[in-house]
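Reading through the structure tokens given below for one structure.
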Amino acid sequence: MELKRTWWKEAVAYQIYPRSFHDSNGDGIGDLEGIRGKLDYLKELGVDVIWICPIFKSPNDDNGYDISGYQEIMEEFGTMDDFDRLLAEAHQKGMRIILDLVVNHTSDEHPWFIESRSSKDSPKRDYYIWREGKPEGGPPTNWESFFSGSAWEYDEATGEYYLHLFSRRQPDLNWEHPAVVNEVHSIVKWWLDKGIDGFRVDAINHIAKAEGFPDADNPEGRETVAAYPLFSNLPKVHSHLQKLNRDVLSRYDIMTVGETSGVGPEGALLYMEEDRNELNMVFHFEHMGVDAGFGGSGKWETRPWSLSDLKTIMSKWQTELHGRGWNANYFSNHDQPRAVSRFGNDRKYRKESAKLLATFIHTLEGTPFIYQGEEIGMTNIALPSVDDYRDVEIKNFHRAKTAEGWAEERIMQAIWKRGRDNARTPMHWSAAPNAGFTSGVPWFAVNPNYETINVEEAVQDPDSIFHYYKKLIHLRKTNDCLVYGRYEILEPDHAEIYAYTRTMGNDKLLVALNFFDGTPVLELSEELADAAKQLLISNYEVHGENGAREIRLRPYEARVYRMERGTAL
Ligand code: TEU
Ligand code: CA
């Protein structure tokens, strides 16, 4: 395989959820000036690319993922001048900015939709997906929305239903209509001409829907059912992306990462193999499924996860994409619970386990994505009542499960474990009131543990999670092998330790990760043991164990060794 170097393969990305990042003017809502004020912090961490979740005009039914003006800035976040200043300053500091491209749907307040719903002969009618109800009554299909209930909403004005895979305030665009495609292309071009460095492309795998809008199989006769295959990763998605790439994306030196749930490596390669000319990489969800329970009614049911499942999934992605595509590696984002609470131990071993998870993400092949607060080990939150939450998905889930007869306690347990608001509490900057996030009243609850878990504390503690991330990022920048090296798993059946090597030419690294709180032993072959001379990083102090055939790891211990050069391995 010929190695093709690109800046986005070597970059480390940091995701900002602007509403919760930093408030500059005391209205309780994070904003663009707030981000600008923290660029030096991100620079110090070592970040190359900042992905900012939607900043566009929006009524905020889904915190900006419902856009009513693609070329306008959300009022609470500031102005276009603020954005221009932020972009210029980030560039000046050597960092790039990518934005969220949300074009599976718009807000119901987008002028296109207002016009579309006004009459059946509106010139914008076909910008969205309108259908008559079934002859026997009810919505056109039995499809369930990702946010609970039917994916169709009846509209009195014209007596038809419109499709919304997400909230009813997020009508799906009709990508089969050429005018929609043109509109999207011109929006993308407009932002790229402004100088942004690419896009994270929201829910892009859903832009094509099954021909003829068939019902999904429904053996239990439920009112609505998950109809996933009928609107996910269909062939037409790829023709739309190829056209977008040909007409717009290919003309810029940018980075594109698609959000594509439901794909395995083969499906993902269709989005990113170089001769496909679509995107650079995608976020897959397979590892996010390791703790998903599939019994009963599905959504937000959980089960304990096993390391063996995680190994199988990650190894598959590492090996199948090597030389053909590129991974986007993450453990957290704004839709997932906090990683340290979910895959680590957010009490006794919070620091150790946060560092362990970080080591994993930064030593795999692929671009690492850090989600705000992950670098200081922020944790989940459990608020007493559903009224304390803000997320539309949580609200709808609560309503739907109450109607299904679930006990309140069971519903709240699911929300505490899986709810997206776990990741959306304001960022902890200091031990000052409201974690230094705002001088006003924060839009959403601040996690009370900010008094001990915060940036100020982390920056001055040389042993903090923050400094460990800094070191990892630096290591990745100074070791090509960490970026491009071929992954090979060791001891795939070990129940507690995840170990692998990365190899590139004469360079070889050994990564040993204890994912639990025991003290298991990793046995090395003689060659590996002899060659494992230089400890590059660890979250514990390690003394004089070079050359040992057996490495005993402490709770959540992570070690990365560089092998002696020139050893035949
Ligand atoms: O999430 C979309 C998303 O997660 C689905 O595409 C996914 O297929 C499904 O949830 C399966 O688990 C994005 C954003 O990240 C999210 O915040 C938005 O609410 C959503 O799109 C709608 O824009
Ligand atoms: Ca503000």
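Just so you know, these numbers come straight off a predicted model, no measurement behind them. All ligand and atom numbering here is 1-based and tracks the order in the structure.
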query: N/O/S atom of D31 under 3.0 Å from the Ca ion (ligand 2), yes or no?
result: yes

message: Which option wins on minimum heavy-atom distance to atom 16 (C) of ligand 1: V102, D335, D62?
response: D335

field: N205, any N or O under 3.5 Å of ligand 1 N or O
entry: no

- request: Check whether any N, O or S atom of S24 sits under 3.0 Å from the Ca ion (ligand 2).
  value: no

- prompt: N/O/S of D27 less than 3.0 Å from the Ca ion (ligand 2)?
  reply: yes

query: Between R169 and D62, is there a salt bridge with N-O shorter than 4.0 Å?
result: no

- request: Using a strict 4.0 Å threshold on nitrogen-to-oxygen distance, state whether R85 and D82 make a salt bridge.
  value: yes

- prompt: Looking at R410 and E301, does any basic side-chain N land under 4.0 Å from a carboxylate oxygen?
  reply: yes

message: Apply side-chain contact (heavy atoms from CB on, under 4.5 Å) to residues K189 and Y252 and explain how you reach the verdict.
response: CA-CA 9 Å; K189 188 173 178 309; Y252 302 83; 3.5 Å; yes

- prompt: What atoms of ligand 1 come within less than 4.0 Å of a heavy atom belonging to R424?
  reply: 17 (O)

query: Does the distance from a Lys or Arg side-chain N to an Asp or Glu carboxylate O, for E160 and R125, drop under 4.0 Å?
result: yes

- request: Give a yes or no on whether G34 keeps an N, O or S atom under 3.0 Å from the Ca ion (ligand 2).
  value: no

query: Could a heavy atom of R420 be found less than 4.0 Å from some atom of ligand 1?
result: yes

field: Atoms in ligand 1 with a heavy atom of F166 nearer than 4.0 Å
entry: 2 (C), 5 (C), 6 (O), 20 (C), 22 (C)

message: Within the 4.5 Å heavy-atom criterion, are Q15 and E374 side-chain neighbours or not?
response: no

message: Less than 6.0 angstrom separating the ring centers of F283 and W51, yes or no?
response: yes

task: Using a distance threshold of 4.0 Å (strictly less than), state whether atom 12 (O) of ligand 1 has a protein heavy-atom neighbour.
output: no

field: Taking atom 7 (C) of ligand 1 as the reference point, the nearest protein heavy atom with its distance
entry: S261 OG, 3.4 Å

- prompt: Does Q336 have a non-hydrogen atom less than 4.0 Å from ligand 1?
  reply: no

- request: Return yes if a side-chain donor-acceptor contact under 3.5 Å exists between Y70 and T106, otherwise no.
  value: no

- request: State, to the nearest 10 degrees, the angle whose vertex is the Ca ion (ligand 2) and whose arms point to OD1 of N25 and O of I29.
  value: 150°

